[in-house]
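Each remark here refers to the structure printed beneath this line.
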Amino acid sequence: QVQLVESGGGLVQAGGSLRLSCAASGSTFSFHVMGWYRQAPGKQRELVATITSGGRTDYADSVKGRFTISRDNTKNTVTLQMNSLKLNDTAVYYCSDRTSDYWGQGTQVTVSS
């Protein structure tokens, strides 16, 4: 069973930056596609970014050029660097193992004006 633990959320002003981290358990992490998703109040959960085992990345149009997903297979971690944050980036952000369909508990990101 895979366990995912997110950290790094918080309150930030618009235009600022935050770095989210996800620590994953399991010996097969390096072979799995990992992703970050988010869910804003009253909205459906949406894809933010994914990264394959080989490091290929994909982003939602709304975050392209501002967010960067990366992974460290030696530490079983996946990171989401978020720059130039906007008010509508406010959401609970979830780390997900897309290969095994496991999810973390989520971390709140709030962007204020």
Side-chain angles (χ1 to χ4, degrees):
Q1 185 173 354
V2 175
Q3 289 188 324
L4 303 172
V5 179
E6 301 103 333
S7 61
L11 175 65
V12 64
Q13 286 190 323
S17 298
L18 277 177
R19 186 179 180 90
L20 304 183
S21 293
C22 174
S25 65
S27 61
T28 59
F29 170 85
S30 63
F31 300 105
H32 291 191
V33 177
M34 299 298 296
W36 285 97
Y37 290 71
R38 67 186 181 186
Q39 187 167 18
K43 295 187 176 181
Q44 289 188 329
R45 191 172 297 187
E46 64 176 3
L47 171 70
V48 176
T50 59
I51 185 166
T52 68
S53 58
R56 188 180 68 192
T57 58
D58 191 25
Y59 297 92
D61 287 343
S62 59
V63 307
K64 282 180 181 177
R66 300 188 298 122
F67 290 11
T68 302
I69 188 171
S70 60
R71 67 191 296 161
D72 185 338
N73 290 335
T74 66
K75 297 181 180 179
N76 279 19
T77 58
V78 60
T79 300
L80 185 69
Q81 177 66 43
M82 306 185 294
N83 298 328
S84 302
L85 283 161
K86 303 177 180 180
L87 295 179
N88 59 9
D89 292 320
T90 295
V92 178
Y93 284 71
Y94 297 89
C95 175
S96 176
D97 180 326
R98 300 313 305 133
T99 301
S100 302
D101 197 24
Y102 284 102
W103 295 82
Q105 81 286 354
T107 186
Q108 177 70 46
V109 171
T110 303
V111 184
S112 65
S113 58

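The model shown is predicted, which means the values in this text are computed figures rather than measured ones.
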d(Ser113 OG, Leu87 CG) to nearest 0.5 Å is 5.5 Å
Rounded at 0.5 Å granularity, tell me how far CH2 in Trp36 sits from SG in Cys95.
5.0 Å
Between the CG atom in Asn76 and the OG atom in Ser30, the distance rounded to the nearest 0.5 Å is 7.5 Å
Taking atom CG of Leu18 and atom CD of Gln81, what is their separation to the nearest 0.5 Å?
8.5 Å
Residue that, paired with Arg98, satisfies side-chain contact (heavy atoms from CB on, under 4.5 Å) out of Thr52, Ile51, Leu47, Val33
Val33
Whether the side chain of Thr90 engages the backbone of Val111 through a donor-acceptor N/O pair (distance < 3.5 Å, no angle test) should be reported.
yes
Apply side-chain contact (heavy atoms from CB on, under 4.5 Å) to residues Thr68 and Tyr59 and explain how you reach the verdict.
CA-CA 8 Å; Thr68 302; Tyr59 297 92; 3.8 Å; yes
Is it true that a side-chain atom of Ser25 and a backbone atom of Val2 form a donor plus acceptor pair closer than 3.5 Å?
no
Donor + acceptor pair across side chains of Gln108, Thr110 (<3.5 Å)
yes
Euclidean distance, Asn73 CG relative to His32 NE2, rounded to 0.5 Å:
10.5 Å
Nearest-0.5 Å distance, CZ of residue Phe29 to OG1 of residue Thr99
10.0 Å
Here's a test for you: under side-chain contact (heavy atoms from CB on, under 4.5 Å), which of Val78, Ile69, Thr50 qualifies with Met34?
Val78
Are Val92 and Val63 linked, directly or through other ILVMFWY residues, by side chains that come within less than 4.5 angstrom of each other?
no
Is Met82 close to Val109 at the side-chain level, that is, under 4.5 Å between some pair of heavy atoms?
yes
Check the angle between the aromatic planes of Trp103 and Tyr94 and answer parallel, tilted or perpendicular using the 30° and 60° thresholds.
perpendicular
Could you go step by step and tell me if Arg38 and Glu46 meet the side-chain contact (heavy atoms from CB on, under 4.5 Å) rule?
CA-CA 5 Å; Arg38 67 186 181 186; Glu46 64 176 3; 2.7 Å; yes
If I compare all heavy atoms of Leu85 with all of Arg66, which pair ends up nearest, and what's the gap?
CA-NH1, 3.8 Å
Verify same cluster id: Val5, Tyr93 (apolar side-chain graph, 4.5 Å):
no
Applying side-chain contact (heavy atoms from CB on, under 4.5 Å), run through Cys22 and Leu4 and close with a yes or a no.
CA-CA 6 Å; Cys22 174; Leu4 303 172; 4.0 Å; yes
For Ser17 and Asn83 the tightest heavy-atom approach is OG-OD1, 2.9 Å
Salt bridge check: are Asp61 and Lys64 linked by an N-O gap of less than 4.0 Å?
yes
Given side-chain contact (heavy atoms from CB on, under 4.5 Å), test Leu20 with Glu6 step by step and report yes or no.
CA-CA 7 Å; Leu20 304 183; Glu6 301 103 333; over 6 Å; no
